[in-house]
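In listed order, ligands and their atoms are each counted from 1. For clarity, every value in this text was computed on a predicted model and none was experimentally measured.
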Amino acid sequence: MNCTACTAALDAPAQLCTGCVRGLDTRLAELPGQYLLLADRLRPGAARGDGPVALVREAPLPVREDVLDMRAEGGLVTVLEEWREAMQDARGWGRPARTGPIERRVLAAARGLRINLDWIVAEFEAAGDLAREIRALAAQVRALLDPAPPTLAVGDCAADLGGGGICGAPLRVPAGTTDVHCHRCGTDYPPSSWLTLATGAWADAEGAAA
Ligand SMILES: [Zn+2]
Ligand SMILES: [Zn+2]
């Protein structure tokens, strides 16, 4: 008999090996807190106490879609709730409620799975899929929470290089900064110009480029 998640050989009949059980338990315990932490990653630099927070009030910076998707209906909460529902269904139990704020639903679903972990390990035929899917989910969340999040694309460089030529190099906001600098032509873009860049309405803007 083998672990249905990692295929390691098992000493006694079970769905999961001890390593996969421990990993699943830890991830289910950590995911609700990580869900809350994701709120700080919605806007680049928004966790800092200066600059970017004030900017958010003036002009909406683009939000990180990947973080938004993970926090929304269909993201982390749905993965956990669907697994809890599948587990309850396999036990002949009714459907758990999906009500209240998402952070509470995340907590309820993760807790519902954890308190049934013994049964999952012993009996749940989909335990291997559950363990693998939660492992992949946790890896995605960790990547989103990484202290050096991916840079944010704000648009293409609009600098006029003369003769009607526009630079056009892709511009990105480096993590944790508000400095946007074109590496091709050297133009600097202050934060007040990002929205214009992002919407491609540069031609109508006044004096935003240095
Ligand atoms: Zn295993
Ligand atoms: Zn440029």
Side-chain angles (χ1 to χ4, degrees), residues 1-31 34 44-45 55 59 61-62 79-80 82-84 86-87 90-91 110 112-142 150-210:
M1 185 137 200
N2 296 82
C3 173
T4 55
C6 74
T7 73
L10 298 174
D11 299 333
Q15 296 291 329
L16 300 172
C17 70
T18 48
C20 285
V21 175
R22 207 177 306 125
L24 178 58
D25 190 33
T26 303
R27 290 177 189 115
L28 289 172
E30 289 175 351
L31 279 169
Q34 290 170 329
L55 289 170
L61 298 182
V79 175
L80 289 174
E82 285 184 353
W83 274 112
R84 185 187 183 199
M87 179 274 296
R91 302 196 77 168
L113 286 164
R114 280 189 85 202
I115 59 179
N116 287 285
L117 206 55
D118 287 347
W119 181 85
I120 288 170
V121 174
E123 310 276 351
F124 192 32
E125 288 188 353
D129 290 336
L130 165 66
R132 278 195 301 266
E133 203 170 314
I134 297 300
R135 183 169 57 200
L137 177 70
Q140 270 180 287
V141 171
R142 260 202 318 278
T151 56
L152 183 87
V154 287
D156 296 334
C157 181
D160 188 349
L161 302 182
I166 298 293
C167 172
L171 297 171
R172 306 190 73 83
V173 189
T177 79
T178 56
D179 303 317
V180 177
H181 178 78
C182 178
H183 291 287
R184 183 181 294 166
C185 71
T187 304
D188 288 311
Y189 290 91
S192 58
S193 67
W194 296 354
L195 194 62
T196 315
L197 274 176
T199 54
W202 189 261
D204 302 328
E206 296 178 338

Query - Near the Zn ion (ligand 2) (under 2.8 Å) - protein N, O or S atoms - result: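 Per the 2.8 Å query on the Zn ion (ligand 2), atoms found are Cys157 SG, Cys167 SG, Cys182 SG, Cys185 SG.
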Query raised in the report: Taking atom CG of Leu28 and atom CZ of Arg84, what is their separation to the nearest 0.5 Å?
Result: 12.0 Å
**Report entry** Spacing of CZ belonging to Arg27 relative to CZ belonging to Arg22, to within rounding of 0.5 Å
**Finding:** 11.5 Å
Counting distance only, does the side-chain N/O of [X] pair as donor-acceptor with the main-chain N or O of [Y] below 3.5 Å?
X	Y	value
Arg135	Gly23	no
Arg132	Thr4	yes
Tyr189	Leu171	no

Requested in this report: Taking the side chain as every heavy atom from C-beta outward, state whether Leu113 and Leu117 have any atom pair closer than 4.5 Å.
Outcome: no
Requested in this report: Work out the angle at the Zn ion (ligand 1) between SG of Cys20 and SG of Cys3, rounded to 10°.
Outcome: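 With the Zn ion (ligand 1) as the vertex, SG (Cys20) and SG (Cys3) sit 110° apart.
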